[in-house]
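Computation of the quantities below employed the complete heavy-atom set of this structure, encompassing side-chain atoms and omitting hydrogens, waters and symmetry-equivalent molecules.
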Amino acid sequence: MDRARLADFLRSRRQALQPEDVGLPRGRRRRTDGLRREEVAVLSDMSADYYSRLEQQRGPHPSEQMLAALARGLRLSLEERDHLFRLAGHATPRRVPRTDHIEPGMMRIFDGLEDAAAQVVNHVGETLTQTRLSKALIGDESVHTGSARSLHYRWFTDPATRSIYPEDDHPIHSRLIAANLHRVYTRDGADSRAAAIVDALLAQSPEFAGIWSGHPVTGSYCPPKRVLHPQLGLLELHCQTLLDPDQSQMLVVYTATPGSESYEKLQLLSVIGAGLD
């Protein structure tokens, strides 16, 4: 681990970012070039003290998970992320398929959606980041670990995952999720992460096995969704998506028709969500 170069690299990338680049207000009394250390810490989901010690060459040896969080918080390109890993004495993450690293362009769009119910999801159904309103609407999906990080896996193995959707909608959700996994499996092959999820589900879920045997095929269209919120009841939402060029990640935004009851509930949910912070 090259502490001096790691610290200098982090400092240079922090100073190159402006508050507007990450959806933060500039304020009138900003004297720091670029972002403040505490702002990078918040963006990277770590303590300000931990990040500050890294820049001061006296921090601990960061784990791969912490480095991935820093790369995301500092909006690093894949090349910059790999350089960060090498400076910290770790092997660079595999490039194919890309999973957890969100491209700067996608993050810039996401940062502009702070007041929307939005999230970035990778190709195997793992939520990489969510806005506050998204967490208030469907729950904080960052709490899941292991195979359960994938919605595809949770849908067929954890009944609680289905509780936010009306029971009548479960069959269509099951088919769409299985079809999405089928598309990724076909693209990435038998040695992929998608294949590992498929194998696990075939062994654990008769429902999935039945759908899978029919070779489900559908496009990447995200149909309207009905969400059962525990406090506000039923919300009827539209689902807009933006697919990354290499089809490894997707930005998902939930909206409601202006003037509708669901629109009013979504506005109210933004207030409820603020109270949960």
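- Taken from CG in Leu76 to CD1 in Ile102, the straight-line distance is 12.0 Å, to the nearest 0.5 Å.
- Under the ring pair (Phe, Tyr, Trp, His ring centres under 6.0 Å) criterion, His170 pairs with Trp155, not counting sequence neighbours.
- A centroid separation of 6.0 Å or more is found between the aromatic rings of Trp212 and Phe156.
- In this structure, Thr131 contributes its side chain and Ala118 its backbone to a donor-acceptor pair below 3.5 Å.
- Between the side chains of Gln240 and Thr255, at least one donor N or O sits under 3.5 Å from an acceptor N or O.
- In this view, His144 satisfies the ring pair (Phe, Tyr, Trp, His ring centres under 6.0 Å) rule with no residue, not counting sequence neighbours.
- Between Arg226 and Asp168, some side-chain heavy-atom pair lies under the 4.5 Å cut-off.
- Atom OH of Tyr165 sits in a crowded spot, with more than 12 heavy atoms from other residues, nucleotides or ligands closer than 6.0 Å.
- Counting only heavy atoms from C-beta outward, the side chains of Lys265 and His229 never approach each other to under 4.5 Å.
- Between Arg5 and Arg86, the closest side-chain pair of non-hydrogen atoms is not below 4.5 Å.
- Each ring-ring contact (aromatic ring centres under 6.0 Å, His included) pair with one or both residues in residues 54-73, not counting sequence neighbours, appears once here: His61-His90.
- Between Ile138 and Gln130 the shortest side-chain heavy-atom distance falls below 4.5 Å.
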Donor-acceptor list for residues 110-117 side chains, cut-off 3.5 Å, not counting sequence neighbours:
from	atom 1	to	atom 2	distance (Å)
Asp111	OD1	Arg75	NH2	2.8
Asp111	OD2	Arg75	NE	3.2
Asp111	OD2	Arg75	NH2	2.9

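- Here the side chain of Arg132 pairs a donor or acceptor atom with the backbone of Ser270 at under 3.5 angstrom.
- Between Asn180 and His152, the closest side-chain pair of non-hydrogen atoms falls below 4.5 Å.
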Would you mind writing out the side-chain donor-acceptor pairs for residues 200-207 within the sub-3.5 Å range, not counting sequence neighbours?
from	atom 1	to	atom 2	distance (Å)
Gln204	OE1	Tyr153	OH	3.3
Gln204	NE2	Tyr153	OH	3.1
Gln204	NE2	Ala200	O	3.4
Ser205	OG	Phe208	N	3.0
Glu207	OE1	Arg162	NH2	2.7
Glu207	OE2	Ser174	OG	2.7

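- Among the candidates Val40, Leu87, Leu84, the single residue satisfying the side-chain contact (heavy atoms from CB on, under 4.5 Å) test with Leu10 is Leu84.
- In this structure, Arg154 contributes its side chain and Ala148 its backbone to a donor-acceptor pair below 3.5 Å.
- Applying the 6.0 Å contact sphere to CD of Glu38 captures more than 12 heavy atoms from other residues, nucleotides or ligands.
- Pro166 has its side chain within reach of Leu228: a pair of non-hydrogen atoms, C-beta onward, lies under 4.5 Å apart.
- Contact of the Leu35 side chain with the Leu43 side chain is registered, since non-hydrogen atoms from C-beta on lie closer than 4.5 Å.
- Using a 4.5 Å heavy-atom cutoff, the side chains of Met66 and Ser44 are not in contact.
- Between the CG atom of Leu266 and the CG atom of Leu133 there is a distance of 5.0 Å, given to the nearest 0.5 Å.
- Note: Glu80 CD to Ser12 OG = 8.0 Å, rounded to the nearest 0.5 Å.
- Taken to the nearest 0.5 Å, the CZ atom of Arg11 stands 12.5 Å off from the CZ atom of Arg13.
- Rounding to the nearest 0.5 angstrom, the gap separating the NE2 atom in His83 from the CG atom in Leu6 is 9.0 Å.
- Not a single salt bridge (charged side-chain N to carboxylate O under 4.0 Å, His left out) links Arg3 to another residue, sequence neighbours left out.
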